Amino acid sequence: MKKLIFAFLAMVAVSCGGNAQEEKSSEKFEVTKSEEQWKQELTNAEFQVLRKASTERPFSSDLNDIKEPGTFVCAACGNELYETEHKFMSGTGWPSFDRAVEGGVAYGRDSKLGYSRDEVHCARCGGHLGHVFNDGPRETTGKRHCINGIAMDFEPKNQ
Ligand SMILES: [Zn+2]
């Protein structure tokens with residue numbers, strides 16, 4: 001009888017483990033701050049894009065023209081997001097990349113405009129960066145990460 005009870009308890013334990021794992025899959029970020037804290041730390045324009053998922057005006061970012069080697073990091077938390085070597089001139093007016101730094105970004109869905117788009121955000125603080133489209137350079141990944149320049153800072157390689 002004792003053995004039976006033990007087997008039963010073991011089964012309960014296993015199913016609880018399963019539930020816990022499901023909870024884990026909902027995104028939790030290493031850097032979390034209240035809306036008030038973000039408001040204090042970011043400029044209003046940065047806050048609107050990073051925390052409210054708005055989109056900057058095309059051709060408004062200084063980062064559009066950057067060609068020198070370096071890393072684009074999250075303006076909110078400093079996480080490495082993109083490298084210049086994966087940047088390409090898309091002509092859209094937003095900094096565009098064919099791939100992200102591995103583990104630097106995470107993806108979600110956004111249906112704000114009435115159709116579904118792949119949203120991309122910082123994997124460390126969850127800050128909204130932009131969207132991913134499938135019309136990128138065919139000779140590489142075919143992806144176009146269309147990123148708000150204001151959501152990033154640029155760190156040149158040789159500094
Ligand atoms: Zn971040």
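As the structure lists them, so they are numbered: ligands from 1, and atoms in each ligand from 1. Bear in mind that the values here come from a model prediction, so they are computed numbers and not experimental data.
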Original post:
Just one of Val120, Leu50, Asn148 clears the side chain to side chain contact (heavy atoms under 4.5 Å, CB included) bar with His128, so which one?
Top reply: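 So the option named by the test is Asn148.
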
**OP:** State which residues pass side-chain hydrogen bond (donor to acceptor under 3.5 Å, both in side chains) with Asn64; sequence neighbours excluded, sorted by chain then number.
**Re:** none

Original post:
Would the number of heavy atoms belonging to other residues, nucleotides or ligands and lying under 6.0 Å from CD of Glu102 be above 12?
Top reply: no

Subject >> Protein N/O/S atoms closer than 2.8 Å to the Zn ion (ligand 1) >> reply: Cys74 SG, Cys77 SG, Cys122 SG, Cys125 SG

Original post:
Partners of Phe154 by ring pair (Phe, Tyr, Trp, His ring centres under 6.0 Å), sequence neighbours excluded?
Top reply: Phe72

Subject >> Joint hydrophobic cluster, Val31 plus Tyr107, side-chain heavy atoms closer than 4.5 Å >> reply: yes

Subject >> Hydrophobic cluster of Phe59, others only, ordered by chain and residue number, side-chain cut-off 4.5 Å >> reply: none

